[in-house]
**Student:** 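Sharing a structure below in structure tokens format, with a few things to ask.
All heavy atoms count here, side chains included; hydrogens, waters and symmetry mates do not. Within every chain, numbering begins at 1; the chains are lettered A, B, ... in the order of the sequence lines, protein sequences first and strands thereafter. Keep in mind it's a predicted model, so treat the numbers as computed, not measured.
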Amino acid sequence: MGKLRKKHNWKGRQQSDPQQPADQEKTDVVVELQDGGRLKGVDESNALVLPANKTKKKKVSVTSVSTKRPLTKKQRKELQKVLERKEKKAQRADILTKLAEVQLPESELKLLYTTSKLGTGDKLYQTKMLSDEIKDGDTGPKISSVSGANRKRKWKEDEEEEEQKAEESSDLDTSSDEEEEKDEETNETTEMIESKETISPCLEDKQEVKGEQNKTEQDGQNEKKISDPEKIQNKTPSEPAVFVPVDRSPEIQEARLKLPVLAEEQVIMEAVRENPCVVICGETGSGKTTQVPQFLYEAGYASGSGIIGITEPRRVAAVSMSHRVAKEMNLPTQVVSYQIRYEGNVTSDTKIKFMTDGVLLKEIQKDFLLQRYSAIIIDEAHERSVYTDILIGLLSRIVPLRNKKGMPMKLLVMSATLRVEDFTDNTKLFRTPPPVIKVDARQFPVTIHFNKRTPLEDYTGEVFQKTCKIHRMLPPGGILVFLTGQAEVHSLCRRLRKAFPFRKGNTTTGVDEEADTSEAMRKFKKAKQKKTVVFRPPPPGTRLCVVATNVAETSLTIPGIKYVVDCGRVKKRFYDRVTGVSSFKVTWTSQASANQRAGRAGRTEPGHCYRLYSSAVFGDFSLFSEAEITRRPVEDLVLQMKDLNIDKVVNFPFPTSPSAEALVAAEQLLVSLGALKEPPRTGRVKDIERARLSCPITPLGRAMASFPVAPRYAKMLALGKQQDCLPYVIAVVAAMTVREIFEDLDRPAGSEDESSKLTQRRARLTQMRRLWAGQGASLLLGDLMVMLGAVGACEFAGCTPKFCEENGLRYKAMVEIRRLRGQLTNAVNAVCPEVGAFVNPKMTPPTEHQVFCLRQIVLAGLGDHLARRVQAEDILDPKWKNGYKTPLMDEPVFIHPSSALFKTLPEFVVYQEIMETTKMYMKGLSAVEAEWVPQLLPQYCHFGSPLESPSPWLCSSTGTVRCHRSSTFCKFSKANTVTMF
DNA sequence: GAGCACTGC
């Protein structure tokens with residue numbers, strides 16, 4: 001209130017200032033004005049006594065009575081006003097010319113446009129929509145929705161804006177330094193509203209306008225009905241506007257103001273207030289991840305019982321963003337917190353919670369309505385990670401449900417690209433398309449240079465040539481090279497090093513490579529996490545050249561990059577839906593990713609991107625890369641959904657749906673594992689078909705769904721309690737879940753010294769693998785025994801980096817296994833408390849009997865991954881020697897040379913995966929006894945009639961007749977039946 | 001006898 005009063009008639013008060021310098025050109029008036037004493041007296045009284053409208057009337061007379069007669073008090077006052085106005089005009093002209101000198105370029109100016117209106121009560125979100133519609137030529141009903149008084153108000157504002165330029169010089173003061181004052185302004189207005197929380201004419205007025213807009217938009221009515229307070233209440237519940245103050249440091253405040261997203265605060269918040277779901281598009285560098293949660297916080301979305309949740313696709317991002325936002329807001333980590341798979345600092349005081357997408361998915365399992373949250377932000381939705389997609393699908397249902405229950409929740413989907421049609425144009429997902437708000441990024445122009453011809457063979461050679469050329473010919477600035485794999489990165493680095501050996505003091509040809517190995521990358525990521533280093537600047541006289549794979553596209557930002565060399569290719573994992581075989585292939589990248597790569601050159605200054613392919617080839621690239629969910633098996637996702645009682649997964653509102661085959665395959669696998677009820681096999685074909693895709697979950701499936709691992713491994717955990725095998729099963733499952741536990745020692749060495757070291761380490765690892773594989777019975781557990789041995793030994797030694805380094809184990813993987821073991825142990829105890837599982841760091845190797853039992857448990861989980869050695873008589877080709885037959889492939893598969901069973905060649909094996917390289921290789925093997933198959937995998941077997949020989953016999957102990965039957969191992973459908981034995 | 005980009009619960 002105090003501020004309001006202070007503002008009242010403030011212009012009038014300003015007039016009493018007697019210190020205005022005289023205008024030399026207007027002599028007649030000057031004389032009068034120099035009589036300061038009298039004037040002062042006159043003014044003092046007038047300012048307080050004279051009514052404003054009277055002065056206005058006299059305004060006209062001033063011009064006519066302008067000559068020599070002594071002026072009346074009123075005239076003098078008028079004159080002074082004119083003078084002041086002129087004076088201000090002159091000042092303004094001066095300021096304008098000065099401003100013009102420091103005028104921002106058009107592009108940057110656009111970013112600032114809306115800041116000048118912050119907190120003025122202007123509805124920017126509506127205005128924006130309007131102008132967009134006009135641009136599209138759509139002058140339909142939506143425009144007329146801003147009708148009557150509201151439209152008038154808008155016109156008036158537009159007019160006023162022009163008038164202001166001519167008349168209201170005082171406005172200039174605020175606009176000239178609006179950037180600094182902007183936040184103050186916001187505070188002021190919102191404080192005003194806050195202080196009138198109970199009944200304030202100002203607030204009511206504002207809401208009435210809003211109610212009006214909503215109403216007219218929806219049913220085409222106008223003012224008359226709008227004044228009906230009940231209706232307004234129905235449409236827009238009258239809630240007090242909230243502003244939660246945040247105590248930011250001046251430095252933070254200053255840095256924030258430079259972020260483009262800040263200019264859109266009001267647009268975003270208005271959209272959020274008026275829509276349950278909002279999509280925000282803003283490229284990296286727009287500041288959306290750090291600022292949008294703060295907008296929501298300041299608007300009171302964390303003031304009640306609910307909190308604000310933000311999901312990230314990567315753990316590092318969740319942790320570092322929570323720290324950064326806490327720092328920006330000057331709040332402790334108990335309030336701005338994070339939660340990732342194994343750790344978190346969430347407390348009962350948490351108001352803003354950053355988490356990985358999987359964490360939120362797990363939370364939905366516990367509380368479908370997510371009642372703790374008042375708003376959820378899905379960040380990096382453009383990456384289309386499977387969990388992000390599932391989350392958006394789920395939230396599209398949760399949000400309306402929450403609204404229906406009177407506990408409204410907001411959903412914000414944030415994407416770095418404009419490809420949001422999968423979210424907005426998908427009526428299955430959102431019946432009314434959510435509004436899309438575009439935020440510009442702070443980005444310098446990047447000049448794109450296409451090759452005239454596209455090298456198809458030796459593109460790495462072309463990359464080398466181009467990199468050398470840039471280094472020799474072009475001004476300073478870092479080079480970032482995109483290649484597809486580790487081998488290419490190594491090879492290019494070697495060639496560059498050879499071409500430009502680093503010499504101290506060499507100013508022309510020094511190339512300093514920083515990230516030429518995966519370890520360097522890892523070190524860098526670690527450093528990034530700790531916020532200690534970024535990249536260390538290159539020594540003087542050298543140029544930074546970073547050779548990287550895709551990681552540099554999204555996961556890390558390297559400062560000082562001016563040139564990007566893009567080979568246009570990417571290595572992707574492919575997965576054969578029918579056979580389940582994985583492979584890695586190099587393919588063309590997408591236009592979106594090529595642009596993302598180019599963007600890396602314009603972070604700190606204008607840059608150049610050299611695309612080593614023609615513009616025609618670029619035109620042939622797909623616009624975006626496909627969503628992950630369409631390229632991988634989905635049994636884990638289907639199980640999670642079934643656990644949420646979504647039986648008909650085909651009907652789930654996926655932003656992009658997985659293929660029908662993938663869904664059927666997932667459901668069949670889950671039925672085989674006993675996680676889903678078997679569908680009826682008889683009845684009408686249509687009904688059978690439908691039932692196959694809507695099998696309900698079983699109690700075993702519920703238990704499996706609570707284990708955060710793939711369903712095959714979850715099944716092993718569910719069976720693990722027999723024979724005290726659980727600790728071993730947990731360790732094996734943890735090791736199988738974490739990829740690549742052994743270090744890649746086959747990489748080419750950079751120097752002779754490194755080469756001999758690598759040879760030494762390789763020998764040591766081979767020796768250790770042999771040791772961990774054990775002897776006799778344990779050997780048959782195969783690669784899983786090696787994993788178990790490695791985990792046991794590493795844990796026994798305290799899981800130190802030194803032990804890992806010495807024994808060829810990836811330290812990061814071992815730490816992950818250690819944490820996963822802990823998590824799985826807890827999960828198992830939660831389902832089955834009587835087992836009392838615990839993690840024993842001094843785990844003894846399993847007994848012979850336990851190994852036997854473990855092999856059976858593994859078979860039960862990997863039943864569909866059974867392979868039988870090709871019989872001698874079936875070897876049609878010499879290449880088939882040592883081959884194995886699987887149910888789904890005609891061609892044989894082979895045991896990978898790194899496997900512990902490579903030389904053993906058991907009759908039956910189960911495998912973790914088949915990877916196609918030079919051959920089809922099975923990895924992660926374990927040997928299986930033939931007689932276990934019909935016993936443990938009856939669901940895959942078809943039994944023949946009793947055999948006559950050996951003849952049936954009476955089992956005296958059980959009193960039953962026993963017999964031999966032939967059995968056929970088959971998988972899934974009869975069409976795929978394959979006789980295994 | 002090998003040759004794998006990146007992630008999340």
**Student:** Counting only side-chain N and O atoms of A/Thr918, is one of them less than 4.0 Å from OP1 or OP2 of B/dG3?
**Tutor:**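 The answer is yes; a side-chain N or O of A/Thr918 sits under 4.0 Å from OP1 or OP2.
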**Student:** With sequence neighbours left out, write down each residue that passes side chain to side chain contact (heavy atoms under 4.5 Å, CB included) with A/Asn595, or none if nothing qualifies.
**Tutor:**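 If we apply the side chain to side chain contact (heavy atoms under 4.5 Å, CB included) test to A/Asn595, skipping adjacent residues, the hits are A/Arg611, A/Phe618.
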**Student:** Is the A/Tyr884-A/Tyr911 ring centre distance short of 6.0 angstrom?
**Tutor:**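 No - the distance between ring centres of A/Tyr884 and A/Tyr911 does not fall below the 6.0 Å cut-off.
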**Student:** So, is A/Thr917 near the phosphate of B/dA2, with a side-chain N or O under 4.0 Å from OP1 or OP2?
**Tutor:**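 Answer no for this pair, as no side-chain N or O of A/Thr917 is under 4.0 Å from OP1 or OP2.
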**Student:** Looking only at N and O atoms, is any donor in the side chain of A/Arg739 or the base of B/dT7 less than 3.5 Å from an acceptor on the other one?
**Tutor:**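 Present.
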**Student:** What parts of residues 628-641 of chain A reach DNA chain B, counting only heavy atoms under 4.0 Å away?
**Tutor:**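 Hits under 4.0 Å, by residue number: A/Glu628, A/Arg632.
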**Student:** At under 4.0 Å, does any side-chain N or O of A/Ser385 touch on OP1 or OP2 of B/dG8?
**Tutor:**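 No, no such contact exists.
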**Student:** In whole angstrom, what separates A/Arg314's CZ from B/dA5's P?
**Tutor:**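 Computing the A/Arg314:CZ to B/dA5:P distance gives 18 Å.
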**Student:** Using OP1 and OP2 only, check whether a side-chain N or O of A/Tyr921 sits under 4.0 Å from B/dA2.
**Tutor:**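 It does, given that an N or O in the side chain of A/Tyr921 lies less than 4.0 Å from OP1 or OP2 of B/dA2.
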**Student:** Quick one: is B/dA5 close enough that its OP1 or OP2 comes under 4.0 Å of any side-chain N or O from A/Lys571?
**Tutor:**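 The answer is yes; a side-chain N or O of A/Lys571 sits under 4.0 Å from OP1 or OP2.
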**Student:** Could you go through A/Phe654 and A/Val649, starting from their C-alpha distance and side-chain angles, then the distance that decides it, and tell me whether this counts as side-chain contact (heavy atoms from CB on, under 4.5 Å)?
**Tutor:** CA-CA 9 Å; A/Phe654 293 102; A/Val649 176; 4.0 Å; yes
**Student:** In whole Å, what is the span from the CD atom of A/Glu743 to the C1' atom of B/dG3?
**Tutor:**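 For the pair A/Glu743 CD and B/dG3 C1', the rounded distance is 16 Å.
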**Student:** Name the closest nucleotide to the A/His896 side chain, picking from B/dT7, B/dC9, B/dA2.
**Tutor:**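 Looking only at heavy atoms from C-beta outward on A/His896, the closest nucleotide is B/dA2.
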**Student:** By side-chain hydrogen bond (donor to acceptor under 3.5 Å, both in side chains), which residues pair with A/Lys571, not counting sequence neighbours?
**Tutor:**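 None.
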**Student:** Roughly how far apart are A/Leu361 CG and A/Ile390 CD1, rounded to 0.5 Å?
**Tutor:**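 Here the interatomic distance stands at 7.0 Å.
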**Student:** State, with a plain yes or no, whether a side-chain heavy atom of A/Tyr338 is found less than 4.5 Å away from one of A/His323.
**Tutor:**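 Result yes, sub-4.5 Å side-chain heavy-atom pair found.
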